[in-house]
Amino acid sequence: MDLVINNGRPAEIAGRLQKEIKCYDFLDALGISYERIDHPALNTIAECEAVDEALQTHICKNLFLCNRQETQFYLVLMPGEKRFVTKDLSAALGVARLSFAKESYMENFLDITPGSVSVLGLLSDTENRVRLIIDEDVLAEDSFACHPCINTSSLKFSTTDLTEKIIPAMGHEPTIVRL
């Protein structure tokens with residue numbers, strides 16, 4: 001896979017989805033400096049290794065979860081190499097039981113599909129139906145990488161921009177946990 005690092009948004013947007021363009025518009029409006037790599041679809045953390053190496057960072061694992069009653073929804077950001085243990089997060093949040101949320105909720109609330117889950121999906125969650133959960137190890141890194149709501153591109157920007165500009169502008173207050 002030949003990976004080319006680009007600065008900022010693509011010059012040509014023809015053929016790109018509106019939800020991807022929305023991410024670039026949002027980042028540009030906030031004055032966020034970011035690097036971008038376009039690539040074939042990446043559906044798993046393992047498939048992201050070449051992009052991680054090129055960007056010299058790690059795309060974090062993004063999990064979309066819900067409680068048993070499907071009344072509370074969570075977007076969890078954690079290091080890709082860290083093992084997810086449902087009971088640990090359930091205990092940290094005081095929720096009886098968490099499971100993966102249905103794809104229909106993901107599409108409805110975040111306008112994303114499996115394999116493309118990203119913190120930038122919270123742009124579509126204007127009613128704050130999804131609670132953002134971030135593992136503290138993600139915040140310990142200098143840079144942060146994610147998809148722009150589509151898994152054929154990856155972005156890298158500073159973790160400081162994530163916490164001080166991006167998340168506040170999306171109107172979501174993160175809960176920081178240790179997993």
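Taking the six-membered ring wherever Trp is involved, the centroid distance between the rings of Tyr74 and Phe64 does not fall below 6.0 Å.
In Glu173, the CD atom is not crowded: 12 or fewer heavy atoms of neighbouring residues, nucleotides or ligands sit closer than 6.0 Å. Other residues, nucleotides and ligands contribute only 12 or fewer heavy atoms inside 6.0 Å of the CD1 atom of Ile13.
Note: the hydrophobic cluster containing Leu63 also contains Ile133 (ILVMFWY, side chain heavy atoms under 4.5 Å, direct or indirect links). Both Leu123 and Val130 are assigned to one and the same hydrophobic cluster, defined by single-linkage of ILVMFWY side chains at heavy-atom distances under 4.5 Å. With hydrophobic clusters built from ILVMFWY side chains whose heavy atoms lie under 4.5 angstrom apart, Met170 shares a cluster with Phe109. Leu122 is connected to Leu30 through a chain of hydrophobic side-chain contacts under 4.5 Å among Ile, Leu, Val, Met, Phe, Trp and Tyr, so both are in one cluster. When the side chains of ILVMFWY residues are joined at heavy-atom separations under 4.5 Å, either directly or via intervening members, Ile59 and Met78 end up in two distinct hydrophobic clusters.
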Ile167 vs Leu132, side-chain contact (heavy atoms from CB on, under 4.5 Å): CA-CA, chis, key distance, verdict: CA-CA 9 Å; Ile167 293 171; Leu132 177 59; 3.7 Å; yes

Please walk me through it: do Leu17 and Ile21 pass side-chain contact (heavy atoms from CB on, under 4.5 Å)? CA-CA 7 Å; Leu17 297 177; Ile21 302 306; over 6 Å; no

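Once rounded to the nearest 0.5 Å, the distance linking CZ of Phe73 with CG of Asn67 reads 7.0 Å. Interatomic distance, CD1 of Ile32 versus CG of Asp161, reported as 3.5 Å (0.5 Å rounding). Between atom CG of residue Leu162 and atom CZ of residue Phe144 there is a gap of 5.0 Å, rounded to the nearest 0.5 Å. Note that SG of Cys146 is 4.0 Å distant from CZ of Phe157, once rounded to the nearest 0.5 Å. Note that CG of Asn151 is 8.5 Å distant from CD of Glu47, once rounded to the nearest 0.5 Å. Interatomic distance, CG of Asp125 versus NE2 of His172, reported as 3.5 Å (0.5 Å rounding).
Nearest heavy atom pair, residue Ala50 against residue Leu3, reads O-CD1, 3.4 Å. Here the closest heavy-atom approach between residue Cys66 and residue Ala101 is recorded as SG-CA, 3.8 Å. For the residue pair Pro114 and Met106, the shortest heavy atom distance occurs at N-SD, 3.6 Å. Shortest non-hydrogen contact noted between Arg36 and Gly8 is NH1-O, 3.3 Å. Across every non-hydrogen atom of Pro168 and Glu164, the tightest pair is CG-O, 3.6 Å. Taking every heavy atom of both residues into account, Ser153 and Glu20 meet most closely at OG-OE2, 3.4 Å.
For the residue pair Lys22 and Ser124, a side-chain donor N or O sits within less than 3.5 Å of a side-chain acceptor on the partner. There is no side-chain donor-acceptor pair under 3.5 Å between Asn108 and Ser104. No hydrogens or angles considered: a donor-acceptor pair under 3.5 Å links the side chains of Ser154 and His39.
Counting heavy atoms from C-beta outward, Glu70 and Tyr105 have side chains that approach closer than 4.5 Å. No side-chain heavy atom of Val4 sits under 4.5 Å from any side-chain heavy atom of Asp38. Residues Ile37 and Asn6 fail the side-chain proximity criterion, which asks for heavy atoms closer than 4.5 Å. Residues Leu120 and Ile166 meet the side-chain proximity criterion, which asks for heavy atoms closer than 4.5 Å. Arg131 has its side chain out of reach of Leu75: every pair of non-hydrogen atoms, C-beta onward, lies at least 4.5 Å apart. Residues Pro148 and Ile150 meet the side-chain proximity criterion, which asks for heavy atoms closer than 4.5 Å. For the pair Ile134/Val177, no side-chain contact is recorded, criterion being any heavy-atom separation below 4.5 Å from C-beta on. Using a 4.5 Å heavy-atom threshold, the side chains of Asn7 and Glu35 count as touching.
Side chain of Glu127 to main chain of Arg129: no donor-acceptor pair is present (N/O by atom type, distance under 3.5 Å, no hydrogens or angles). The backbone N or O of Arg9 lies less than 3.5 Å from no partner atom in the side chain of Asp28, so there is not a single donor-acceptor pair. Under a 3.5 Å cut-off, the side chain of Ser116 and the backbone N or O of Ile112 do not form any donor-acceptor pair.
In this view, Asp137 and Pro79, Lys82, Asp135 satisfy the side chain to side chain contact (heavy atoms under 4.5 Å, CB included) rule, not counting sequence neighbours.
For residues 50-62, the pairs satisfying side chain to side chain donor-acceptor pair (under 3.5 Å) are Thr57-Ser143, with sequence neighbours left out.
Between Tyr24 and Tyr34, the ring planes are parallel. Angles under 30° get that label, and only those over 60° would be called perpendicular.
By the 4.0 Å N-to-carboxylate-O rule, Lys156 lies too far from Asp142 to be salt-bridged with it.
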